[in-house]
Protein chains: 2
Amino acid sequence: MTGSEQRDPGGALSRRVPDLGAMELLMAVARLGSLGRAARELGISQPAASGRMRALERQLGVALVRRSTGGSALTEEGAVVTEWARRVLEAAADFDAGARALRGRRDSRLRVAASMTVAEYLLPGWLTALHARHPGTAVSLAAGNSVVVAQQVAAGEADLGFVEGLDVPAALDAAVIGRDRLLVVVAPGHPWAARRRPLPAAELAATPLLLREEGSGTRQVLDAALTAHGGPPAVPLLELASTTAVKSAAVGGAGPAVLSELAVADELSAHRLAAVPVAGLDLRRALRAVWPAGHRPAGPARDLLALTRPAAGAKAALRSM
Amino acid sequence: MTGSEQRDPGGALSRRVPDLGAMELLMAVARLGSLGRAARELGISQPAASGRMRALERQLGVALVRRSTGGSALTEEGAVVTEWARRVLEAAADFDAGARALRGRRDSRLRVAASMTVAEYLLPGWLTALHARHPGTAVSLAAGNSVVVAQQVAAGEADLGFVEGLDVPAALDAAVIGRDRLLVVVAPGHPWAARRRPLPAAELAATPLLLREEGSGTRQVLDAALTAHGGPPAVPLLELASTTAVKSAAVGGAGPAVLSELAVADELSAHRLAAVPVAGLDLRRALRAVWPAGHRPAGPARDLLALTRPAAGAKAALRSM
DNA sequence: CGCGGGTCATAAGCGGCGGCTATGACCTGA
DNA sequence: TCAGGTCATAGCCGCCGCTTATGACCCGCG
């Protein structure tokens with residue numbers, strides 16, 4: 001430790017990280033090569049951009065741009081920081097796409113209903129892509145469990161639905177758009193994290209777990225798999241209101257949790273959680289798009305549906321590295 | 001379009017997206033189940049948290065928490081929004097980890113030198129993981145091209161280096177920690193995006209491309225592959241200062257670009273860029289950790305190195321979905 | 001050679017937003 | 001019934017980022 005730094009480890013991230021506006025400015029400067037042009041693009045005055053950039057560099061303690069008469073170019077450090085900023089802004093753009101859809105509610109062109117897992121982890125990216133390719137599309141989003149989603153689609157309250165789970169109501173047509181699997185995860189310090197042999201299903205069933213509340217799709221699939229295996233349903237150690245809360249508790253070491261692999265991909269790759277293999281338990285489930293039987297999706301619904309499939313191609317690209 | 005909304009499409013994202021502090025507050029409320037407790041954790045007063053949350057809900061136009069006497073629980077929409085916020089904050093935490101390392105510079109325990117690709121796309125995640133597992137470790141980061149990195153490590157100015165490319169200087173020991181591949185990418189509207197057959201290498205060599213400046217590792221590998229194939233080196237359409245700038249230009253439709261798959265994974269999965277297969281051109285390259293010959297990494301350097309390997313396991317988890 | 005057009009920086013004023021303290025309303029459990 | 005927890009409202013204030021106005025600097029052009 002250098003002494004003066006790190007006085008607040010773990011708390012108040014937003015104090016140590018620059019503003020989204022500052023990151024946006026940095027990216028604009030990187031792209032346009034000039035503080036003034038960046039300012040104009042963002043709709044602020046040139047002095048404002050100059051001052052903001054200076055403050056940003058002061059906060060980070062690093063020179064980000066080399067100013068000259070003919071413009072401003074990134075330093076090496078600036079290029080690196082810009083890329084980090086881009087990742088943050090990309091997540092923010094997903095947030096924005098989702099939030100817009102959530103606010104829309106009525107009178108929107110494309111009404112989507114999605115299960116929590118899809119709404120949380122997949123839909124924001126699809127919506128940003130949709131916005132990039134079809135900027136005029138207004139979308140509204142209703143999030144709920146798979147049963148509610150199916151009802152809304154069947155009742156004509158939503159044009160397109162996304163559900164996870166085993167069964168599809170007869171009133172709906174469906175297409176599988178991906179697969180999902182529940183994982184048993186623990187904090188890296190947990191005894192299970194060191195296991196090499198798969199965990200017996202009976203031991204999992206006997207261990208109190210961090211779970212979503214009863215009625216969640218995740219919980220249903222877990223109980224179904226355990227009972228199909230001949231055991232009792234899962235025993236809750238804590239029942240928490242949201243996926244995020246379950247994850248936080250698991251990362252904090254409260255106990256083992258069972259969550260969608262989509263929900264824990266980040267934590268796994270950052271080694272904040274470890275996956276525990278389980279013997280002989282099928283925790284896979286299909287993610288499906290659903291729509292009223294007979295009514296082939298058209299227009300905006302078709303556009304969105306088209307975006308959900310070729311994700312396989314992108315994953316293939318990642319896979320090959 | 002509902003009329004009043006979307007008056008500023010594409011510009012000033014930071015106007016439409018809540019503050020990082022607001023997102024942090026939302027996550028704290030989700031985890032702790034109470035505005036007051038969240039306020040205490042963030043070091044602000046309870047009324048401040050209350051007001052901020054109210055403002056957040058007003059901005060998004062959605063009720064996020066259900067307030068009651070016994071605390072505050074997330075609504076369905078709140079759970080979804082919280083997860084989106086978590087993604088943003090995770091990217092912000094990576095930013096923070098990188099920025100800390102960048103500021104450290106001198107007098108730090110572990111001095112890392114990394115090529116641009118590694119520094120931009122991989123290192124922030126490793127640093128957050130390192131911080132999570134070994135909170136006391138202070139890290140400094142120098143970013144530059146692979147040659148500079150090798151020099152710094154050889155000169156003892158860095159304890160551990162990360163390079164991409166073909167050759168490793170004799171003065172250094174190295175371990176391959178991953179593979180990387182250059183991709184030819186174009187905007188979705190570009191003619192090449194619709195190709196089914198691979199692009200002949202000669203056509204690639206004959207087409208002006210968006211490239212990093214001469215001397216970058218990416219450029220070197222591309223030229224090496226083209227000349228090994230018997231052709232001329234790449235022809236620049238534009239030479240840009242940073243990976244981010246190249247990407248922006250490519251997304252904007254300026255022309256084809258050649259970039260690391262790590263750099264374009266996000267854009268590919270969001271369909272802002274499309275990968276173009278190229279016939280008979282080997283654009284793979286190894287990512288290596290390097291250290292002074294004979295000096296096996298120990299202490300913090302060993303900890304960090306250990307985090308870079310099991311990433312393969314995490315990728316395997318994603319792969320299986 | 002001096003003049004416009006571009007760059008960035010400095011100076012001074014101002015408005016808003018987020019913070020604080022103080023207080024009150026409300027429910028619950030002892 | 002009272003203590004302790006919840007959240008909300010009110011009024012004040014300081015900071016931070018915005019604005020406009022100006023100046024320094026460099027380039028290319030007439």
Side-chain angles (χ1 to χ4, degrees), chain A residues 8 11-75 78 85 241 245, chain B residues 8 11-60 62-75 78 85 89 241 245:
Chain A
D8 199 1
L13 182 65
S14 54
R15 297 275 157 222
R16 305 189 312 251
V17 174
D19 210 285
L20 290 176
M23 298 193 195
E24 215 164 3
L25 172 63
L26 179 59
M27 288 214 51
V29 171
R31 186 157 40 82
L32 301 173
S34 145
L35 285 175
R37 270 199 292 274
R40 235 169 296 135
E41 173 166 287
L42 297 183
I44 64 177
S45 69
Q46 173 269 320
S50 176
R52 220 159 150 59
M53 180 62 75
R54 182 165 298 283
L56 177 60
E57 291 178 310
R58 188 166 38 76
Q59 181 182 12
L60 298 183
V62 175
L64 300 176
V65 297
R66 205 182 321 277
R67 293 161 246 269
S68 81
T69 310
S72 296
L74 293 179
T75 62
Chain B
D8 197 3
L13 181 66
S14 53
R15 296 276 158 221
R16 306 189 311 251
V17 174
D19 207 283
L20 290 176
M23 299 195 194
E24 215 163 4
L25 172 63
L26 178 61
M27 287 214 51
V29 172
R31 185 156 40 82
L32 302 173
S34 145
L35 285 175
R37 269 199 292 275
R40 233 169 298 134
E41 173 167 285
L42 297 182
I44 64 177
S45 70
Q46 173 269 320
S50 176
R52 220 156 152 57
M53 180 62 74
R54 182 164 297 283
L56 177 60
E57 290 178 312
R58 187 167 38 78
Q59 180 181 12
L60 298 184
V62 174
L64 301 176
V65 297
R66 204 181 324 275
R67 293 156 244 260
S68 83
T69 310
S72 295
L74 293 179
T75 62
L89 290 174

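Computed from heavy atoms alone, side chains included, the values below leave out hydrogens, waters and symmetry copies. Residue numbers begin at 1 in each chain, while the letters A, B, ... track the order of the sequences.
Between the CE atom of A:M53 and the C1' atom of C:dC8 there is a distance of 12 Å, rounded to whole Å. Here D:dC7 presents its P atom at 12 Å from CD of B:E57, a figure rounded to the nearest Å. Rounded to whole Å, the distance from CD on A:E24 to P on D:dG17 is 15 Å. Atom CD1 of A:I44 and atom P of C:dC14 are 21 Å apart (whole Å). Between the CG atom of A:L42 and the P atom of D:dT19 there is a distance of 11 Å, given to the nearest Å. In this entry the distance linking CZ of A:R54 with P of D:dG17 reads 14 Å, nearest Å. With rounding to whole Å, B:R40 atom CZ is found 16 Å from C:dC20 atom C1'. Rounded to an integer number of Å, the gap from A:R37 CZ to C:dG5 P is 17 Å.
The listed nucleotides are C:dA9, C:dA22, D:dC7; the one nearest the side chain of B:S72 is D:dC7. Residue A:S50 places its side chain closer to C:dC8 than to any other of C:dC8, D:dA8, D:dT6. Closest to the B:R67 side chain, of the nucleotides D:dG17, D:dA8, C:dG18, is D:dA8. Out of D:dT20, D:dA8, C:dC26, the shortest distance to the side chain of A:S45 is found at D:dT20.
Residue whose closest nucleotide on DNA chain D sits further toward the 5' end, between A:D19 and A:Q46: A:D19.
Of the inter-residue distances, the one linking A:L20 atom CG with B:M23 atom CE reads 6.0 Å to the nearest 0.5 angstrom. The distance from the CG atom of A:L26 to the CZ atom of A:R31 is 11.5 Å, given to the nearest 0.5 Å. Note that CZ of A:R52 is 12.5 Å distant from CG of A:L35, once rounded to the nearest 0.5 Å. Summarising the geometry, atom CG belonging to B:L42 is positioned 11.0 Å from atom CE belonging to B:M27; distances are rounded to the nearest 0.5 Å. Summarising the geometry, atom CG belonging to A:L56 is positioned 9.5 Å from atom CG belonging to A:D19; distances are rounded to the nearest 0.5 Å.
For A:S68, no side-chain nitrogen or oxygen approaches OP1 or OP2 of D:dC26 to under 4.0 Å. For A:S34 and C:dT7, the shortest distance from a side-chain N or O to OP1 or OP2 is below 4.0 Å.
Within the nucleic acid shown, B:A48 comes within 4.0 Å of sugar-phosphate atoms alone, with no base atom in reach, counting heavy atoms only.
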